[in-house]
Amino acid sequence: MRQLEEQCAENISMAPRYAPSLRSRLAPLLLFLQLGFIVIYAFYTEFQSGVKVDGKTLSNIYPVFQDVNVMVILGFGFLGTFLVRYGFSASAFNLLVAVIATQWAIILNGIEPYNRKIRLDLRSLVDAEMCTASALISIGAVLGKTNPVHLILISLLEVFGFILNKWVIQTLLGTLPLNSIMLLHIFGAFFGLTLTWMLYRKGSEQRFEKEKSDRNTGLFSMLGTLFIWMFWPSFNSILVDDRIPARKLGAVCSTYLALAVSAVTAAAVSLLSSPKGKLNLTHMQSCILAGGVAVGVSISVVHQPWEAMIIGFIAAVVSTIGHRYLKIHMLLAFQCHDTCAVLSTHGLPGLLGWLAHLILLIKDCDDHTTAIRFAVFHICTLLSTLSLSLSMGLITGLLLKWNFLRTPQDRKCFDDQAFWEFPHVTLYK
Amino acid sequence: MRQLEEQCAENISMAPRYAPSLRSRLAPLLLFLQLGFIVIYAFYTEFQSGVKVDGKTLSNIYPVFQDVNVMVILGFGFLGTFLVRYGFSASAFNLLVAVIATQWAIILNGIEPYNRKIRLDLRSLVDAEMCTASALISIGAVLGKTNPVHLILISLLEVFGFILNKWVIQTLLGTLPLNSIMLLHIFGAFFGLTLTWMLYRKGSEQRFEKEKSDRNTGLFSMLGTLFIWMFWPSFNSILVDDRIPARKLGAVCSTYLALAVSAVTAAAVSLLSSPKGKLNLTHMQSCILAGGVAVGVSISVVHQPWEAMIIGFIAAVVSTIGHRYLKIHMLLAFQCHDTCAVLSTHGLPGLLGWLAHLILLIKDCDDHTTAIRFAVFHICTLLSTLSLSLSMGLITGLLLKWNFLRTPQDRKCFDDQAFWEFPHVTLYK
Amino acid sequence: MRQLEEQCAENISMAPRYAPSLRSRLAPLLLFLQLGFIVIYAFYTEFQSGVKVDGKTLSNIYPVFQDVNVMVILGFGFLGTFLVRYGFSASAFNLLVAVIATQWAIILNGIEPYNRKIRLDLRSLVDAEMCTASALISIGAVLGKTNPVHLILISLLEVFGFILNKWVIQTLLGTLPLNSIMLLHIFGAFFGLTLTWMLYRKGSEQRFEKEKSDRNTGLFSMLGTLFIWMFWPSFNSILVDDRIPARKLGAVCSTYLALAVSAVTAAAVSLLSSPKGKLNLTHMQSCILAGGVAVGVSISVVHQPWEAMIIGFIAAVVSTIGHRYLKIHMLLAFQCHDTCAVLSTHGLPGLLGWLAHLILLIKDCDDHTTAIRFAVFHICTLLSTLSLSLSMGLITGLLLKWNFLRTPQDRKCFDDQAFWEFPHVTLYK
């Protein structure tokens, strides 16, 4: 009886304390950021114009821009809707974070010492959206346990760290490796993991009360996954030089083959590792993407169909086994609650792709000196990426522990009702 | 008791009176229109062929056509599915209306005094789909309170009015302003508002019994919104001359920036204006599009990123405040029940875009005479659009009040069961 | 009492017998196929490179590849989600089957006597995906009554049969008719029908217990349908020669018109044939596609808009009447349970398109000799297609009756729970 009363009292005292936090924190943050961006854009950007734009370029890059846009806005947005009471938040906060991170990445990408103005064109939009993708991967690890103020701060710091990493690599090595942008999977995943480790709550070994899915949310999430799966060839082919159509074509075909092999392999491994011999939809949703991640990191050295297929095969095996056994191990042993399993979906396949890149690079080299030089370059790139992602994750985690940002209570996690009005809604049919 | 009996009697007498109306009205209307279109197309159309079509044109226009098609068929169709019992109607009637309005618009757009034949190509399909979009905006205002016969008549008259307006402007001003097609937002919104004012039912101050949404329909509607949001750059770039790729590119980037700013701003204003400090999903769905509307109307004079961003910012503020306060005011003070809030989503941002166009145009002019001449042109265009949309809305409203068309009763509003068979369906899980 | 006990015993003995079947059959099959494909690809394929690929080709074919990919993966996948308890299976098994069939079709399509290596490019991917579409159509007829092992075997044999048919036609007639790939609708539909006739279960005259839909699954299915509908113009334009843009444009416009007419006509006929004068969502989902099927088979001889429209009109009438009356007749009279009504959606409109092709071909011929020669060619093509599809269907049916493959029991049909883990799912809200 006593307990019940206390609980009620707690409920009453919590409800009003919780609700206003969004208005007094989120709205000023959004307005400040947006007005700040407008001022910066007013002084330092202009549209690309003149000689360099021709119709051919436009008709080449436009479909690619649309596909990446669909992956970032729709794909990532609906991927997170599998949580039965968190669909509104997953899709709408994804949109918010994506547009803020993209505006931020355009500025950071465009800063150059000798250019007073940042040139805006479809290419810079596409590059910025890839940095955004990196932030959205990180957010997958903390989804549901944070509020939108956290999510926006995470995305700003993550994009800053990712672009800093690019700058560090360029400064240290004297040149920017072609595939550096593809390290977004590794950077995003380890940043997100450090973050969720820092934000660990006592008692999270048990599943959160509202961390569930149902038939319909499973299908919504499948929809997001399929859009990412279908348009991934565009994502990977961006990196490749436009002036050599045959290379671009190879990138598209390689990605398709790696994704296809991943889908088949993920299903087989999911079945084999299941105690009841059944498939698991979350495996089908995460692990079919592993091939795309791995082949994306190594795309510039994949020259044969079978190379792409082997990479896709190993990536799917690693990812599915990681999803089945590693996710729960990370939670129990390392106190690291990873909502969307970004370690198995992006982290491990990303590392695998990096390894494949190294092996294929060495195989293609004729003499030992070049091979060793390439290998050192390549290892430095990874070390820089890992150390920066872990340290930025730590810093971000420390910042997010600040009480001022009002982390949601455990019972409010994975619940839309903390953030959304439901005026004319029949919540429970 | 008495009352109950009467009600039962009423129910019994209503049910059979209602159901057959669709067959005896809708089927003949559909067949008459479709066979009529086939006859007209047989005598007066032919495919574009020969010299003017080259591969470059095709590969430029084809992705744009697909994007506009997705916006019109999928975007508008799923935007209306937020109504919990009206999803089948919202998506399927949208398809029906869209294909009829497009066939009709191709004919009306193609009539020229000296050409015996209408040339059909992707360009004419895209132009026709933009007229269709105008009709679909109008339908948003009366959705759920009308039957499909009404919807088809509305779309025919709206498209006729919209193309008449283009002709009037061309005749009066001697030239067709480049952005006249973008007045579709203003024309569509005010046509729809007049119509819903004419069709006002007593007692609509209270919410209709079935005008509700739930978690799943909220996500379906989010899906439609995101497709419109993602492909809007294609929509706005159509207007711009194909032969100047830099302008086209500018239009795409401007639209993206305006939409991004809209999304952030709509979230901030929605929070600030909420009594409980929470977000509202319908605001996120309607008001994030406001920037695309406003920048679309003014696209031909937007030359700087910050111009697009400021327009997006103001449009989202106006739209969100309009959605929060004006929608209910329109209902109570002006007896105007606006289902999808087309006034705040398309009407006000459209007017704002018109104003932005005027200001930027005058700013760009060097001498006063040209500026005044442009301003007069511009104001005439708006006056013509507004007066034609209001008068066509009045005429259409009068026609729809005709009993022969069998307006649904209040209790059948927002309900699929009036129009659809549910043979093997588990309606309520 | 006795009966109850027996039933319980049966349940207990069944549950464990059923579940492990997937692991011991499906996982080895998937791994064997996938590793086999990797080995074959390692020895016999290489990426297309060098002179033949230029930027123009890439920017022409890339959007088409994406559209076909979306139709095959998303469109067909979500088309089958109308079954209320079978959504996970419908969408995920479709993905599995599609990627396996595509890898298989690339190999079979690429075998040529004098070429040691198969060249991989976007064109070969697109061709392979069209063969896959043929297999997915067949699967529509047996959906829900088979397990994934069956589905994979069906797709392998169907694709083999379809490509064999192409080879037979080429060998017999000395040349490959341009539209032979479009016979995929006829081949797929009649293969599927023979199969479902072979696999008939006693008692299927009554509806399966779980063969139902609800409001949400209706909308998911609508989503898949609309994606197929919207991107169909890309599907039909593939066939047409890239070097004549005007023909490609004609194909796109023809398909759009035929689909538009189909949508209107299907609604009208569905209303007229309904006892209560209401629309039926499954008709709107299947029959609006009939025009695309019919005009696709005859696309190479359609030169006028009205020809496409007439074909779309008749196809929709035939398809809707077939759906309303023929589906149940096929079940009762011919013991042929056709889950997705492939006979009315693909079979009859395909035959109609073939007939239209014949008539238009003869009409265009100047002299009788050529006309008769063409007609004989054309009839031979159909006869070969029909006889091969029926005989391959018979063989596949015989194979699938093999007990080793463990056909699901009647009570497990149309149910995800036989194949999927539901660990943290709230199944019934």
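Heavy atoms only: backbone and side chains are in, while hydrogens, waters and symmetry mates are out.
The candidate with the highest count of non-hydrogen atom pairs below 4.5 Å against chain B, out of C/Glu307, C/His303, C/Met230, is C/Met230. If you tally non-hydrogen atom pairs under 4.5 Å between each of C/Thr282, C/Thr225, C/Ile288, C/Leu219 and chain B, the highest count goes to C/Leu219. Across C/Ser274, C/Gly218, C/Gly250, the residue that shares the most heavy-atom pairs under 4.5 angstrom with chain B is C/Ser274. Counting heavy-atom pairs closer than 4.5 Å to chain B, the top-ranked of the candidates C/Ile310, C/Thr265, C/Asp67, C/Val269 is C/Asp67. Ranked by heavy-atom pairs under 4.5 Å with chain C, the list B/Asp121, B/Val99, B/Ile152 is led by B/Val99.
How far OG1 of B/Thr81 is from CE of C/Met222: 11.0 Å, rounded to the nearest 0.5 Å. Taking CG of B/Asn216 as the start and OG1 of C/Thr217 as the end, the distance is 10.5 Å to the nearest 0.5 Å. A distance of 11.5 Å separates CG of B/Leu122 from OH of C/Tyr256, quoted to the nearest 0.5 Å.
For C/Leu226, the part lying near chain B is the side chain, with the backbone staying farther off; criterion is any non-hydrogen pair under 4.5 Å. Looking at C/Phe227, only its side chain comes within 4.5 Å of chain B, counting heavy atoms on both sides. When heavy atoms are compared at a cutoff of 4.5 Å, B/Leu33 does not approach chain C at all. Heavy-atom distances place both the backbone and the side chain of B/Ile38 under 4.5 Å from chain C. Only the side chain of B/Gln103 comes within contact range of chain C, judged by heavy atoms closer than 4.5 Å. Residue B/Leu223 touches chain C through its side chain alone, counting heavy-atom pairs closer than 4.5 Å. Only the side chain of B/Phe93 comes within contact range of chain C, with heavy atoms under 4.5 Å apart. Using a 4.5 Å cut-off between heavy atoms, B/Ile73 touches chain C through backbone and side chain atoms alike. Contacts between B/Thr102 and chain C at a heavy-atom distance below 4.5 Å involve the side chain alone, from C-beta outward. Proximity to chain B is limited to the side chain of C/Met284, based on heavy atoms less than 4.5 angstrom apart. Contacts between C/Phe231 and chain B at a heavy-atom distance below 4.5 Å involve backbone atoms as well as side-chain atoms. Contacts of C/His283 with chain B are absent, with no heavy-atom separation under 4.5 Å from either backbone or side chain.
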Fill in: Check against side-chain contact (heavy atoms from CB on, under 4.5 Å), B/Leu31 and C/Leu272
CA-CA 11 Å; B/Leu31 287 177; C/Leu272 285 177; 3.9 Å; yes
Practice prompt. Would you sort out whether B/Phe43 and C/Trp306 count as a side-chain contact (heavy atoms from CB on, under 4.5 Å), showing the intermediate values?
Written response: CA-CA 8 Å; B/Phe43 286 103; C/Trp306 65 270; over 6 Å; no
Item to complete: Before giving the answer on side-chain contact (heavy atoms from CB on, under 4.5 Å), spell out for C/Lys276 and B/Glu421 the whole-Å C-alpha distance, their side-chain angles and the decisive distance to 0.1 Å.
Response: CA-CA 8 Å; C/Lys276 288 187 179 170; B/Glu421 291 177 352; 5.6 Å; no
Practice prompt. Mind running side-chain contact (heavy atoms from CB on, under 4.5 Å) on C/Asn280 and B/Trp420 for me, showing each step along the way?
Written response: CA-CA 6 Å; C/Asn280 186 307; B/Trp420 297 91; 5.7 Å; no
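When all heavy atoms of C/Leu271 and B/Ala27 are compared, the pair lying nearest together is CD1-N, 3.7 Å.
Here the side chains of B/Phe37 and C/Val264 are not in contact, with every heavy-atom distance at 4.5 Å or above. The side-chain heavy atoms of C/Arg215 and B/Asp416, taken from C-beta on, include a pair separated by under 4.5 Å. Between C/Leu257 and B/Leu120 there is a side-chain heavy-atom pair separated by less than 4.5 Å. The side-chain heavy atoms of B/Phe47 and C/Arg247, taken from C-beta on, include no pair separated by under 4.5 Å. Using a 4.5 Å heavy-atom threshold, the side chains of B/Phe65 and C/Val252 count as touching.
For the 3.5 Å distance criterion, the side chains of C/Ser234 and B/Tyr62 qualify, holding a donor opposite an acceptor.
Not one N or O on the side chain of C/Lys278 forms a donor-acceptor pair closer than 3.5 Å with the backbone of B/Phe422. Distance alone, capped at 3.5 Å, is enough to place a donor-acceptor pair between the B/Arg23 side chain and the C/Pro275 backbone.
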